[in-house]
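Sequence lines set the chain letters: A, B, ... in the order given, protein chains first and strands last, and positions in each chain run from 1.
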Amino acid sequence: MVQPTFIRIASVVEPSAEQRALVKDLARLCDGRATAASQDRLAYARDLWPKATYFAGLGQVPRPPDAICWPGDEAQLAALVAFARARKLPLIPYGAGSGVCGGAIALSGGITVDLKRMDRILAVDAAALTVSAQAGIIGENLERALSVKGVSLGHFPSSILCSTLGGWLAARSAGQLSTRYGKIEDMCQSLTAVLGTGERVEVRARPGAGADLMQLLIGSEGTLGFITRATLFAVPTAPARAYRAVRFKTLEQGAEAIRRILRDGLRPAVVRLYDPFDTVIAGKGKSHHEATVGEHRDGIQVIQERAPLAARLAIRAALGRPAALNRIADLLRECLLILVFEGEQDLTLAEEEQALILCRELGGVDLGAGPARHWMDHRYAVSYKQSKMFAAGAFADTMEVAATWDKVLPVYRAVRRAVAPLGFIMAHLSHAYLEGCSLYFTFSATALTPEACGERYDAIWREALAAAMIAGATISHHHGVGFSKGQALREELGEGGMALLRALKQSCDPDGILNPGKLGLAAS
Amino acid sequence: MSGLDALLPAAAFRIEGGRHTLTPATPEELAVGLQWARAHGQEVSVSRRRLDAIDAPEQTSCLVRAGAGATLGEVERVLQAGGLTLGPLSPGALALDVATFLEGRHAGLRAVAGGRLETAALTLEAALHTGQLYRSHASPRAAAGPDLDFALLGGGGALGLLTAATLRAQPLPTAQETVVLRLDGGEAVRALLHLSLAVDAAPWSATVTRDGAGMLLCATYRNLAFRVRRDAARLRALGGSPHPGAFAPSSPEAREHELAWDALPALLDRPEVMAVALYRIARESVIVAGEALPAGPTLDAPPAAAPWLRAIAHALSPGATP
């Protein structure tokens, strides 16, 4: 399977004659909006795949695309596809580049196609509760436009400020309120795409006469076509919201509380159960008497500001002995459950009350609204916390998987066991369903040299994914596959599933030009 | 001898008038039979009645695995014995076997909380026409590429035939309440149900009966007690005039159609339509069941074979006759 080749940033120089000629052709197709300038190619060389972030700090990037272009409409996109098919050039669909699985990396070179010129909101029907928008719109912009009309998608991924509607659909993303509102695939009423054949298709799920192509394009991560626009179901902006946090003595109790809450038909917007270390490390376990709603600065941040070198050495020292650090974590037991309910006032309050009754029956201690409100106020800050690790010469990454309830705790234990010798690991449970939930692991590690760091990174992922799969989890709940989990997807799908996936690919992209090397499919 | 006898046990197939019918007892037997048919360019019929095992429900995750030949009604009886249910399925759906419910026009969909449609199948097991076995992973949701189950759901068997499915269940409701409201006409019914979806108070099922110049909407709620009370009260508050009455489900023989919401008023306002039942009430569409509904594909009719599905079938098995 193709892996990205890392090259020195300094080696990315001005475009070659071939690349300049390519840009001229692309400019003709895209209203002049094309480039192969070195700074642009560098900018599009990577997405937020953490391994690429780590090596960027060392002056290296994956080999960049040959050119970037910005089509303005579906006709230009179709013309681009025809052009690329004739030249056998890879096309890499690009939203905002916030994917964490290397899905936007041009593994085989080619043309990165940035869809952000196609960013209009086409219609908002507050009465019918639908919204239609082009795929290149940034999520936050879409949500703000909806809120003015008193509606919302209910889709709030932590990347909402730097991700697009098309990217959401391509990756089957989930927002932090998905327990109530569903994932993006639950919200989509119809979508339009330009396939790798150049054909423009408009697909609507229901009423339907048969199979649903829409659900096959969603999650295809740019390997079947370019999603260009979609109509989604909206919800009335919730008139009421209730926050609650509960402390449990063990993770098992907290997980059972979530399961019982969902089984009783309650639908919290947010369900997050932090494992013991995740509960302690960021000071989230404080009672409602101690938690503040003011600006939150955790212990690591305070040390880094006041003694940066000491902080760097401390992080490296701690992460240099992951087994010991994880054994300390094993001594901890208490877990924090955050619940947020929203919707009609009567139902919101009733569900909050019912949930609290359930939690108390399982030994939970009510911590009031403070920790949950604090989480809500700072929920977008978590992504920035990873930078501390990279600044210290370490790396951090997250792995989100999902499993049915009977397998959730075995998956948690298996992954911790597999990763503990290699890196520090903690986790939370979230995105809950009647049948199961997502497990979101965060791991950090370091090594003596950058090469060793890269190997440690790969080893952690290999062991973590294998352990999760053996214990019964699916390889991704909402981050997607990209290329980094391609091999794991092959194993999960098996022979029959890969045969179906290849047939789907063959029918939609017969020349294999769309995002080659992703989803475990061939690179060319 | 057809050659099948060397590959399959005698009980797994029969030949009548030169026509082969596969009657597998396991997915492997079906896969072998389909592969033989492909290799010999032979048309076969398939009966999945022997694939009718229903496992004991998995209570922790509210799941039940059932063979493709079991009927949903049989699955529902097993679930109810364990305090679970498949949820608000229509009588027509409950009369179908698992395979037809999932592969046919229902596409395995059911209405869930929030007014959404969700596939009732957590996982699918199938024998592809290539002879390969397919089994999707058991996870409530995933982002592991396209959800390939949707190449089979509603696909009419174009790519392969289901052998079993793990179905989502939910706890049996503990309370029930019926709300009867008098409304002016079809548009008022549509608008009220649309509002009920928006405020999270959509009923489990409903009937609409002509009542002089107006209509009676009889909405049934089934859920936990506190939820039933709240939802029923919410519906009453949304509109219509209270009226005595009771819910009468349609018979399994009634024709069931899937309708977009904007088509519902015109149907209800047709003078020959005296009563309909509404099932699978969701944002996307609604199932309408009744005796005098206009002609058109019913939900038990074979699904349409979309060109894109045929293209995938060709790519999966070039030159084969499905």
Side-chain angles (χ1 to χ4, degrees), chain A residues 129 171-173 180-183 186 189 205-213 215-221 233 236 263-265 267 343-344 346-347 350 354 402-406 433-436 473-481 489 492 494-497 499-501 503-504 506-507 519, chain B residues 58 60-63 105 107 109 113-114 116-118 122 128 130 132-148 150-151 153-156 159 168 170-171 198-200 223-224 226-227 230 234 258-260 283-285 297 303-306 308-309 311-312 314-316:
Chain A
L129 292 176
R172 287 186 102 89
S173 70
R180 178 168 180 80
Y181 298 115
K183 291 178 69 202
D186 299 308
Q189 186 190 53
R206 307 306 296 189
D212 183 358
L213 176 60
Q215 290 293 342
L216 294 174
L217 292 174
I218 295 174
S220 61
E221 301 192 24
F233 292 105
R263 190 184 176 97
D264 273 10
R267 275 194 312 130
E344 297 276 302
D346 58 341
L347 188 56
Q354 291 292 320
T404 50
W405 282 117
D406 58 319
Y433 307 88
L434 184 57
E435 305 88 19
T474 184
I475 63 171
S476 175
H477 175 265
H478 57 271
H479 282 179
V481 176
L489 181 63
E492 178 165 310
E495 185 192 325
L500 266 184
L501 182 61
L504 180 59
Q506 176 66 25
S507 67
L519 293 189
Chain B
E58 203 281 290
T60 304
S61 310
C62 289
L63 300 169
R105 285 178 181 257
L109 292 171
R116 300 198 303 262
L117 285 179
E118 176 187 75
L122 190 81
L128 303 178
T130 55
Q132 293 160 308
L133 292 177
Y134 169 85
R135 183 177 187 136
S136 51
H137 193 91
S139 172
R141 286 290 188 283
D147 187 342
L148 295 174
F150 283 90
L153 292 168
L159 303 178
R168 293 178 160 105
Q170 62 194 69
V199 300
D200 219 355
N223 209 322
L224 288 180
F226 88 93
R227 192 58 201 263
R230 178 264 171 189
R234 206 68 178 83
E258 182 184 16
L259 277 192
R283 302 180 297 195
E284 293 88 337
S285 63
W308 63 265
L309 193 60
I312 297 175
H314 177 75
L316 182 66

Hey, which of [options] has the most heavy atom pairs under 4.5 Å with chain A?
options	answer
B/R230, B/E118, B/Q132	B/R230
B/A305, B/S139, B/A107, B/A311	B/S139
B/L117, B/L159, B/L109	B/L109
B/L122, B/L309, B/D147	B/D147

Just so I understand: if I count every heavy-atom pair under 4.5 Å between each of [options] and chain B, which residue has the most?
options	result
A/Q506, A/R263, A/Q189	A/R263
A/L434, A/L501, A/L129	A/L434
A/D264, A/T404, A/L347	A/L347
A/L519, A/T474, A/V481	A/T474
A/H479, A/E221, A/R180	A/R180
A/G182, A/P207, A/A503	A/P207

Would you mind checking which part of [X] comes under 4.5 Å of any heavy atom in chain A, side chain (CB onward), backbone (N, CA, C, O), both or neither?
X	value
B/A306	neither
B/L259	backbone
B/R116	side chain
B/L153	backbone
B/L63	side chain

By a 4.5 Å heavy-atom criterion (distance strictly below it), what part of [X] contacts chain B: side chain, backbone, both, or neither?
X	answer
A/A205	neither
A/A499	both
A/A171	backbone

What's the spacing between [X] [atom1] and [Y] [atom2] if we round to 0.5 Å?
X	Y	atom1	atom2	answer
A/D212	A/R206	CG	CZ	7.5 Å
A/D346	B/F226	CG	CZ	10.0 Å
B/Q170	B/N223	CD	CG	8.0 Å
A/E495	B/L133	CD	CG	8.5 Å

Between B/E258 and B/R105, is the closest basic N to carboxylate O distance under 4.0 Å? no
Could you pull out the closest heavy-atom pair between B/A315 and A/S507, with the gap in Å? CB-N, 4.4 Å
Hey, is the main chain of [Y] close enough, under 3.5 Å, to the side chain of [X] for a donor-acceptor pair?
X	Y	answer
A/H477	B/R141	no
A/E492	A/I475	yes
A/R172	A/G480	no
B/R135	A/G496	no
B/S61	A/W405	yes

